Amino acid sequence: MHETPGVSGQATNRQGAAADRAAQTREAHKVTLIGAVIDFVVGVAKMVAGFVVGSAALVADGIHSFSDILTDLFVVAATHFGRQEPDSNHPYGHGRIETLATLWLGSVLIFVAGGIAWASITRLVGGEAVPAPGLWAIAIAVAALLAKEWIFRYTLRVARRVNSRLLEANAWHSRSDALSTVVVLVGLVAAQFGVGWMDAVAAIVVGLMVGQVGGRLLWESSQELIDTALPRAQRDRMQDIAERVPHVNGVHDLRTRKLGSDVVLDLHIVVPPRVTVSEAHEIGNEVSRRLREAFPELADVTFHIDPEDDSGELEHSLRPGLPLRSDVVELLDGAWHGLPIWHTRVALDLHYLDNQVDVSLYINALPDGQTLEDAAGELRRAARELDWVGRLRIWLGPGKG
């Protein structure tokens, strides 16, 4: 079963979710565009200073900053399209767009890292002299460091508020730029005091740091693409919340996966075997409500109602089927057609349990001279060749409809 709230409640929830999603998208765009402006200013300053003083590390760091501008623009596009509402072609939403964008971002970082490291190794091996950069170049590096650290903290705060892994990845991209600037700063100070080779070493370290961040983003996004489950602690908490709902006898086959910043959950809920369909469905709805309260990132909850715990058993659809109601009535009529009590029935309840069909027969009156026990015994004897018949009960009075 799939969670299905009432029509008015469903529309209200959908409108509220859409409004929240739009607000989150605007906030993500704002922080990303602010970051792009800072990246542009910082990148220009680093590149100009690097070429003027002949610092490979500062030039490499400037290239890193300019790569941030491209990724910032890509993040804006990905958050716009990735947070659109589900449609007929994408019933689970567009969250995978954010995942693909994060993969692209990680690939760009690794490519930039390789170029920086290669150029710096070539310069270090060639023994090219590096002049003292001067205090103004060092001051530019310090200012860039402070700017990148500020945008990192700002972006990370927004990313966690709107629950966007892509935005968080972009924040760490900014942090990698800040950390690389620290390394560059060390190289510039060393070059100022005559240790010129430290500039090339600093550039190599920058490349390695950038590559490490790119590799981490690639790994995390690839895990999401192959539908890796949420961490065990979160799944255990989900199971515990579901099992605490009244009348839930157990939960199994709880499966999770991520779609961008959203989480999709499937689970089987074991309920008392003889409750009505509508009651079982409402129990499932209550499980879904409590899970959504505890995990706001849940975008879709699908639950399957089980009348008994079949975890670890062969999938029901792969087993031989039991007769459905129309066939049951026909087969029982063939066995009981000659019994008067069968013709006094007003309702028939069927419960499919333990690979059998339990039959509850509701009658409005007993045949003359017959007790309920006598009637039940007569029906059991007549149906002994129907091996799929489980428990047989007779009820005197109105049925359940």
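No hydrogens, no waters, no symmetry mates; every other heavy atom, side chains included, goes into these values. Note that the structure is predicted; figures quoted are calculated from it, not measured.
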K.L.:
Under 30°, 30 to 60°, or over 60°: which ring-plane class applies to Y362 and W395, parallel, tilted or perpendicular?
P.N.:
parallel
K.L.:
In plain terms, say whether D349 and R274 are close enough for a salt bridge, that is, a side-chain N and a carboxylate O under 4.0 Å apart.
P.N.:
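Here D349 does not pair with R274 in a salt bridge, since their nearest N and O are not under 4.0 Å apart.
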K.L.:
Measure from the side-chain N and O atoms of T256 to the backbone N and O of L230, and report whether any donor-acceptor pair falls under 3.5 Å.
P.N.:
yes
K.L.:
Go through the steps to decide whether L396 and I363 satisfy the test side chain to side chain contact (heavy atoms under 4.5 Å, CB included), and finish with yes or no.
P.N.:
CA-CA 5 Å; L396 187 60; I363 59 174; 3.8 Å; yes
K.L.:
If every non-hydrogen atom of T155 is compared with every non-hydrogen atom of I151, which pair is closest and at what distance?
P.N.:
OG1-O, 2.7 Å
K.L.:
Might you point out which heavy atoms bring P272 and N249 nearest each other, and give the distance in Å?
P.N.:
N-ND2, 3.4 Å
K.L.:
Below 4.5 Å, heavy atoms only, C-beta onward: do D266 and L254 meet side chain to side chain?
P.N.:
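Side chain of D266 against side chain of L254, heavy atoms only: no contact under 4.5 Å found.
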K.L.:
Might you point out which heavy atoms bring I241 and A294 nearest each other, and give the distance in Å?
P.N.:
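For I241 and A294, the tightest heavy-atom pair comes out as CD1-CB, 3.4 Å.
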K.L.:
Counting only heavy atoms not in H247, do more than 12 fall under 6.0 Å of its NE2?
P.N.:
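Counting other residues, nucleotides and ligands, NE2 of H247 stays at 12 neighbours or fewer.
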K.L.:
Only counting residues at least two apart or in another chain, list the ones meeting ring-ring contact (aromatic ring centres under 6.0 Å, His included) with Y352.
P.N.:
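Y352 satisfies ring-ring contact (aromatic ring centres under 6.0 Å, His included) with no other residue.
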K.L.:
Would you please say whether a donor-acceptor pair under 3.5 Å links the side chains of D310 and H252?
P.N.:
yes
K.L.:
Between D253 (side chain only) and H268 (backbone N and O only), is there a donor and an acceptor less than 3.5 Å apart?
P.N.:
no
K.L.:
How far does CD1 of I394 sit from CD of E378, to the nearest 0.5 angstrom?
P.N.:
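Going from CD1 on I394 over to CD on E378, the span is 9.0 Å.
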K.L.:
Please step through side chain to side chain contact (heavy atoms under 4.5 Å, CB included) for the pair I38 and F40, ending with a clear verdict.
P.N.:
CA-CA 5 Å; I38 291 176; F40 178 78; over 6 Å; no
K.L.:
So for atom CZ, which belongs to R393, do other residues, nucleotides or ligands contribute more than 12 heavy atoms lying within a distance under 6.0 Å?
P.N.:
yes
K.L.:
For residues V329 and L348, determine if any side-chain heavy atom of one lies less than 4.5 Å from a side-chain heavy atom of the other.
P.N.:
yes
K.L.:
side-chain hydrogen bond (donor to acceptor under 3.5 Å, both in side chains): which pairs involve residues 321-330, sequence neighbours left out?
P.N.:
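The answer is none; no pair qualifies.
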K.L.:
Is there a side chain to side chain contact (heavy atoms under 4.5 Å, CB included) between L353 and E308? Walk through the geometry before answering.
P.N.:
CA-CA 7 Å; L353 302 168; E308 53 192 355; 4.2 Å; yes
K.L.:
Can you confirm whether V389 sits close enough to R380 that some side-chain heavy atom of one is under 4.5 Å from a side-chain heavy atom of the other?
P.N.:
no
K.L.:
Above 12 or not: heavy atoms from other molecules or residues under 6.0 Å from CG of D354?
P.N.:
no
K.L.:
Who pairs with R384 by salt bridge (charged side-chain N to carboxylate O under 4.0 Å, His left out), at least two apart in sequence or on another chain?
P.N.:
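R384: no salt bridge (charged side-chain N to carboxylate O under 4.0 Å, His left out) contacts found.
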K.L.:
In Å, rounded to the nearest 0.5 Å, how long is the span from CG of L265 to CZ of R292?
P.N.:
9.0 Å
K.L.:
Does any part of the side chain of L324, heavy atoms only, come nearer than 4.5 Å to the side chain of V328, both counted from C-beta?
P.N.:
no
K.L.:
Just so I know, are the side chains of Y154 and L156 near enough to count as touching, which here means a heavy-atom distance under 4.5 Å?
P.N.:
no
K.L.:
Strictly by modelled atom types, are E282 and N285 linked by a side-chain donor-acceptor pair under 3.5 Å?
P.N.:
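Per modelled atom types, E282 and N285 side chains form a pair under 3.5 Å.
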K.L.:
Give every residue pair that meets the side-chain hydrogen bond (donor to acceptor under 3.5 Å, both in side chains) criterion with at least one member in residues 137-147, sequence neighbours excluded.
P.N.:
none
K.L.:
A side-chain contact here means heavy atoms from C-beta on lying under 4.5 Å apart; do S107 and L218 qualify?
P.N.:
yes
K.L.:
Please check this pair: side chain of Q239 against backbone of V251, looking for a donor-acceptor N/O pair closer than 3.5 Å.
P.N.:
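Answer holds: yes.
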K.L.:
With a cut-off of 6.0 Å (strictly less than), are more than 12 heavy atoms of other residues, nucleotides or ligands near CZ of R255?
P.N.:
no
K.L.:
Donor-acceptor check, side chain of S288 to backbone of G284, threshold 3.5 angstrom: yes or no?
P.N.:
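Absent.
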K.L.:
Applying side chain to side chain donor-acceptor pair (under 3.5 Å), can you list everything that pairs with D309, at least two apart in sequence or on another chain?
P.N.:
S311
K.L.:
To the closest 0.5 Å, what do you measure between CD1 (I269) and CZ (F303)?
P.N.:
6.0 Å
K.L.:
What pairs meet the ring-ring contact (aromatic ring centres under 6.0 Å, His included) rule with one or both residues in residues 217-244, with sequence neighbours excluded?
P.N.:
none
K.L.:
Taking all heavy atoms of D358 and all of G390, pick out the closest pair and write down the distance.
P.N.:
OD1-CA, 3.5 Å
K.L.:
List for me each residue that meets salt bridge (charged side-chain N to carboxylate O under 4.0 Å, His left out) alongside D306, sequence neighbours excluded, and say none if there are none.
P.N.:
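Salt bridge (charged side-chain N to carboxylate O under 4.0 Å, His left out) list for D306, sorted by chain: empty.
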K.L.:
Do T302 and D300 meet the criterion of a side-chain donor-acceptor pair at a distance under 3.5 Å?
P.N.:
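A donor-acceptor contact under 3.5 Å links the two side chains.
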K.L.:
Check A242 against L267 and note the closest heavy-atom contact, atom names and distance.
P.N.:
CB-CD1, 4.2 Å
K.L.:
Mind checking salt bridge (charged side-chain N to carboxylate O under 4.0 Å, His left out) for R216 and listing every partner two or more places apart, or none if nothing turns up?
P.N.:
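For R216, the residues satisfying salt bridge (charged side-chain N to carboxylate O under 4.0 Å, His left out) (neighbours in sequence not counted) are E220.
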K.L.:
Restricting to non-hydrogen atoms, name the atom on A375 and the atom on I341 that form the minimum distance, rounded to 0.1 Å.
P.N.:
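Closest approach of A375 to I341: CB-CD1, 3.1 Å.
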K.L.:
Sequence neighbours excluded, which residues qualify as side chain to side chain donor-acceptor pair (under 3.5 Å) partners of T371?
P.N.:
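Applying side chain to side chain donor-acceptor pair (under 3.5 Å) to T371 gives D374.
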K.L.:
Would you verify whether the NZ or CZ of R237 falls within 45 degrees of the ring axis of F295 while also being under 6.0 Å from that six-membered ring's centre?
P.N.:
yes
K.L.:
Assign the ring pair W342 / W336 to parallel, tilted or perpendicular, where the plane angle (0 to 90°) is split at 30° and 60°.
P.N.:
perpendicular
K.L.:
Counting C-beta onward and ignoring hydrogens, is there a side-chain heavy-atom pair between L298 and V301 closer than 4.5 Å?
P.N.:
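They are in side-chain contact.
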K.L.:
What pairs with E149 under side chain to side chain donor-acceptor pair (under 3.5 Å), at least two apart in sequence or on another chain?
P.N.:
R153, R175
K.L.:
Checking E286 now: which residues fulfil salt bridge (charged side-chain N to carboxylate O under 4.0 Å, His left out) with it, not counting sequence neighbours?
P.N.:
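Partners of E286 by the salt bridge (charged side-chain N to carboxylate O under 4.0 Å, His left out) criterion, ordered by chain and then number, come out as R289, R290.
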K.L.:
Tell me, please, which residues at least two apart from Q212 pass side chain to side chain donor-acceptor pair (under 3.5 Å).
P.N.:
none
K.L.:
Report yes if the side chains of L372 and L366 come closer than 4.5 Å at any heavy-atom pair, otherwise no.
P.N.:
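In short, these two side chains touch, coming nearer than 4.5 Å.
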K.L.:
For side chain to side chain contact (heavy atoms under 4.5 Å, CB included), just list the numbers for Q356 and R391, CA-CA rounded to whole Å, side-chain angles, deciding distance to a tenth of an Å, and then say yes or no.
P.N.:
CA-CA 8 Å; Q356 290 185 310; R391 295 177 60 183; over 6 Å; no
